[in-house]
Amino acid sequence: MAPPKKSKKAKRESKKSKKCKSMSVGPIEPRATESDWWDSFWQKNSPIPGSSIPTDEAEGFKFFFRVSKKTFDYICSLVRQDLVSRPPSGLINIEGRLLSVEKQVAIALRRLASGESQVSVGAAFGVGQSTVSQVTWRFIEAVEERAKHHLRWPDFNRMEEIKSKFETLYGLSNCCGAIDASHIIMTLPAVQTSDDWCDQENNYSMFLQGVVDDEMRFLDIVTGWPGGMTVSRLLKCTGFYRNCEAGERLNGNIRILSEGVEIREYVVGGVGYPLLPWLITPCEYNDISSSMSGFKTNHEAARSLAVRAFSQLKGTWRILSKVMWRPDKRKLPSIILVCCLLHNIVIDSKDKLQPDVALSSHHDPGYGQQCCKQVDPLGKAMRENIAKHFCSMAKRRLHQIDQSPSSLPKLNLTVLAQPMFELEPT
C-alpha cells in the first residue's frame with residue numbers, strides 16, 4: 001500500500017518550520033563601525049610638496065573641515081543623537097562598514113567647506129554620491145535643530161558689552177551692531193526661472209541679510225527672499241524691521257550725551273539701506289561737514305565688520321560662494337542658516353582659522369552698490385547728533401593726549417584721528 005499523502009496544510013507548516021530553522025542558525029553580527037576615518041582620510045589627502053595643505057595634522061584638519069579637532073568633537077556631540085547609524089539600514093561605505101557619527105560630520109563639513117561636488121567629496125571618503133547627499137542633509141537638519149542657541153539676539157548684559165566695544169573701537173555711542181546683505185548665486189531649471197529671482201547682475205540668486213556684533217558673530221539673519229529685490233525692500237520684509245519699528249528690538253537704554261541730546265540704540269548700515277532712527281547710514285557725499293567727515297570714517301570702519309563677516313562666512317563655507325546647481329529653493333535657506341550657525345560656533349569656540357580662509361575680494365563680487373534715497377527726519381537728526389558727539393569726543397581725546405599721554409587708556413585713535421575713506425575687507 002502506498003504511504004498516505006500529506007495534506008496541503010501539513011506541507012505548508014513543514015516548509016515554514018524548515019525556514020525558521022535555517023534562519024535561526026545564530027545571532028546576526030552588526031557590521032563594524034568605521035572609527036579610523038581620519039587616518040585613512042589624511043593618508044589619502046595628505047599634502048604633497050608645493051600644495052597649500054599644511055603639513056601639520058592639526059592644521060591640516062582645520063584646512064579640510066574649517067574647525068579645530070576640539071570644535072569638531074563638540075559639533076559631533078550636538079548631532080550624535082540624530083546621526084547615529086543603526087543596522088541594517090544605516091549608511092555604509094564601499095567596504096560595507098557603518099559610517100560613524102564622526103565620519104558623517106566630516107563628510108558634511110567637507111561638502112559645506114569646499115563646495116566641491118558630491119562625487120568629489122565622496123571619492124575623498126570612499127563613499128558614493130548618494131551617501132554624501134543623504135549624510136549632508138541629515139547633518140543640516142540636525143544642526144538646524146540642535147545649534148539654534150548659537151544664533152540669537154543678545155540679552156541686556158551682552159548688548160551692553162557690544163555697545164561698549166563699538167564705542168571704544170569706533171567712537172559710536174549706543175551702537176549695537178552692523179548690518180549687510182549678500183547674494184547666494186544659483187542656477188535654476190527653466191520652469192522655475194522668474195524675474196523675482198533674477199538680480200541686478202542677471203544672476204539667479206537668494207538674499208542673505210545679517211546683523212553682526214563686534215566679533216563678527218551673527219545676531220540676526222534672514223534668508224529665503226529672491227535676489228531680485230533691492231536691499232531696502234528686503235529689509236522691510238524681515239521680522240527684524242518689524243520688531244525695530246514696533247519698539248520690540250533695539251529698545252534698550254537711551255544714552256544721554258554731554259551735549260544733552262538723547263541717542264537710542266541703533267545699528268550701522270551701508271547706503272543701500274534707508275536712514276532710520278535705528279539704522280544709521282553714511283552721510284551723503286555732497287553734505288559732509290567737518291564733524292561729518294570724521295564720523296563717516298568711523299561709521300565705515302564699524303560697518304565693515306558686517307562686510308568682513310560675510311567674506312569670512314562665504315570664504316569658510318565655500319558652498320555659499322560658488323554657483324549652486326539647481327538647488328531646492330525650499331531647502332537652500334536651511335543650508336544657509338546652518339553655515340551661519342557653524343560660523344558662530346567657530347567664533348564661540350575661539351577657533352583660529354588660517355588667514356587666507358576669508359574671501360580676498362568683496363563677498364558680493366561683480367555687484368554694484370545700491371543706493372536708497374529714503375531719509376527719515378528722525379534718523380537724520382539722530383545721525384547729526386551722533387556725528388557731533390563723535391567730533392567733540394575725538395577733539396577731547398586728542399587734547400588729553402597732548403596734555404598727559406601716559407595717563408589715558410589705550411584707545412583706537414588711529415581710527416578716530418585719521419581719514420580712511422576706503423576700507424577693504426580683510
Side-chain angles (χ1 to χ4, degrees), residues 65-68 70-84 101-102 104-109 111-113 134-159 161-162 176-182 184 206-225 234-235 237-244 246 248-252 267 305-306 309-310 312-314 316-317 319-320 327-351 353:
F65 307 112
R66 301 299 196 241
V67 296
S68 67
K70 182 179 178 181
T71 302
F72 179 87
D73 291 339
Y74 168 70
I75 295 172
C76 290
S77 72
L78 285 179
V79 300
R80 186 172 301 280
Q81 182 180 341
D82 303 290
L83 298 190
V84 63
V101 170
E102 288 74 15
Q104 291 182 62
V105 171
I107 290 171
L109 288 178
R111 169 80 172 121
L112 298 176
Q134 292 179 65
V135 165
T136 303
W137 185 244
R138 287 175 63 181
F139 174 80
I140 287 169
E141 289 182 314
V143 172
E144 187 176 10
E145 177 62 27
R146 306 290 180 182
K148 290 184 289 188
H149 57 284
H150 283 282
L151 202 164
R152 57 187 176 187
W153 194 251
D155 59 19
F156 175 83
N157 291 333
R158 174 59 188 144
M159 186 58 81
E161 292 175 2
I162 294 171
C176 299
I179 188 171
D180 201 5
S182 192
I184 310 299
M206 181 178 288
F207 255 129
L208 166 63
Q209 176 184 277
V211 179
V212 305
D213 65 10
D214 58 291
E215 296 180 309
M216 300 193 294
R217 179 187 291 102
F218 285 103
L219 306 177
D220 180 281
I221 70 161
V222 63
T223 189
W225 292 97
L234 168 68
L235 172 70
C237 291
T238 65
F240 178 73
Y241 175 87
R242 292 190 295 271
N243 289 335
C244 291
E248 297 173 1
R249 187 160 287 183
L250 296 176
N251 59 350
V267 296
L305 286 172
F310 276 105
Q312 184 79 35
L313 172 75
K314 296 176 83 171
T316 304
W317 310 106
I319 193 170
L320 300 182
D328 186 332
K329 295 199 296 293
R330 295 168 298 178
K331 291 184 175 181
L332 183 52
S334 293
I335 297 173
I336 297 170
L337 169 59
V338 165
C339 289
C340 292
L341 288 170
L342 292 170
H343 170 96
N344 281 6
I345 288 173
V346 168
I347 295 174
D348 293 341
S349 302
K350 302 189 185 306
D351 273 5
L353 296 176

- Task: Would you check, one step at a time, whether the test side-chain contact (heavy atoms from CB on, under 4.5 Å) holds for Thr238 with Asp220?
- Result: CA-CA 10 Å; Thr238 65; Asp220 180 281; over 6 Å; no
Looking only at heavy atoms, which two atoms of [X] and [Y] are closest? And how far apart?
{"X": "Asp180", "Y": "Ala306", "value": "CB-CB, 3.7 Å"}
{"X": "Val101", "Y": "Cys76", "value": "CG1-O, 4.2 Å"}
{"X": "Ala147", "Y": "Ile345", "value": "CB-CD1, 4.2 Å"}
{"X": "Phe310", "Y": "Ser182", "value": "CD2-CB, 3.8 Å"}
{"X": "Ile162", "Y": "Cys176", "value": "CG2-O, 3.6 Å"}
{"X": "His343", "Y": "Trp317", "value": "N-NE1, 3.8 Å"}

Rounded distance [0.5 Å steps], [atom1] in [X] versus [atom2] in [Y]:
{"X": "Thr136", "Y": "Leu109", "atom1": "OG1", "atom2": "CG", "result": "9.5 Å"}
{"X": "Ile335", "Y": "Ile184", "atom1": "CD1", "atom2": "CD1", "result": "10.5 Å"}
{"X": "Ile107", "Y": "Leu112", "atom1": "CD1", "atom2": "CG", "result": "12.0 Å"}
{"X": "Arg111", "Y": "Phe65", "atom1": "CZ", "atom2": "CZ", "result": "14.5 Å"}
{"X": "Gln209", "Y": "Leu234", "atom1": "CD", "atom2": "CG", "result": "4.5 Å"}
{"X": "Leu320", "Y": "Leu332", "atom1": "CG", "atom2": "CG", "result": "8.0 Å"}

- Message: Considering only residues two or more places apart or on different chains, which pairs with a residue in residues 70-81 satisfy salt bridge (charged side-chain N to carboxylate O under 4.0 Å, His left out)?
- Response: Lys69-Asp73, Arg80-Glu102
- Query: Got a donor-acceptor contact below 3.5 angstrom from the Asp351 side chain to the Ser68 backbone?
  - Reply: yes
Name all residues meeting the side chain to side chain contact (heavy atoms under 4.5 Å, CB included) criterion together with [X]; count only those two or more places apart in sequence or in a different chain, and write none if there are none.
{"X": "Arg146", "value": "Leu78, Gln81, Asp82"}
{"X": "Ser334", "value": "Trp137, Ile140, Glu144"}
{"X": "Ser77", "value": "Tyr74"}
{"X": "Met216", "value": "Leu305, Arg308, Ala309"}

- Determine, step by step, whether Ser349 and Val67 satisfy the side-chain contact (heavy atoms from CB on, under 4.5 Å) criterion, reporting the C-alpha distance in whole Å, the side-chain angles of both residues, the deciding distance to 0.1 Å, and the verdict. CA-CA 9 Å; Ser349 302; Val67 296; over 6 Å; no
Check whether any side-chain heavy atom of [X] lies under 4.5 Å from a side-chain heavy atom of [Y], and answer yes or no.
{"X": "Leu235", "Y": "Ile179", "value": "yes"}
{"X": "Leu151", "Y": "Cys340", "value": "yes"}
{"X": "Leu342", "Y": "Val346", "value": "no"}
{"X": "Leu83", "Y": "Val105", "value": "yes"}

Residues which pass salt bridge (charged side-chain N to carboxylate O under 4.0 Å, His left out) with [X], listed by chain and number, not counting sequence neighbours:
{"X": "Glu215", "answer": "Arg158, Arg217"}
{"X": "Arg66", "answer": "none"}
{"X": "Lys331", "answer": "none"}
{"X": "Asp155", "answer": "none"}

- Taken in chain and number order and not counting sequence neighbours, the residues that satisfy side-chain hydrogen bond (donor to acceptor under 3.5 Å, both in side chains) with Asn344 are none
- Task: Applying ring pair (Phe, Tyr, Trp, His ring centres under 6.0 Å), name anything that partners Phe207, two or more places apart in sequence or on another chain.
- Result: His183
- Message: If the condition is ring pair (Phe, Tyr, Trp, His ring centres under 6.0 Å), which residues does Phe240 pass it with, not counting sequence neighbours?
- Response: Trp153, Trp278
- Item | Candidate pair Ile75 and Phe139, rule side-chain contact (heavy atoms from CB on, under 4.5 Å), full reasoning | CA-CA 10 Å; Ile75 295 172; Phe139 174 80; 3.8 Å; yes
- Task: Please step through side-chain contact (heavy atoms from CB on, under 4.5 Å) for the pair Leu313 and Leu208, ending with a clear verdict.
- Result: CA-CA 11 Å; Leu313 172 75; Leu208 166 63; 3.7 Å; yes
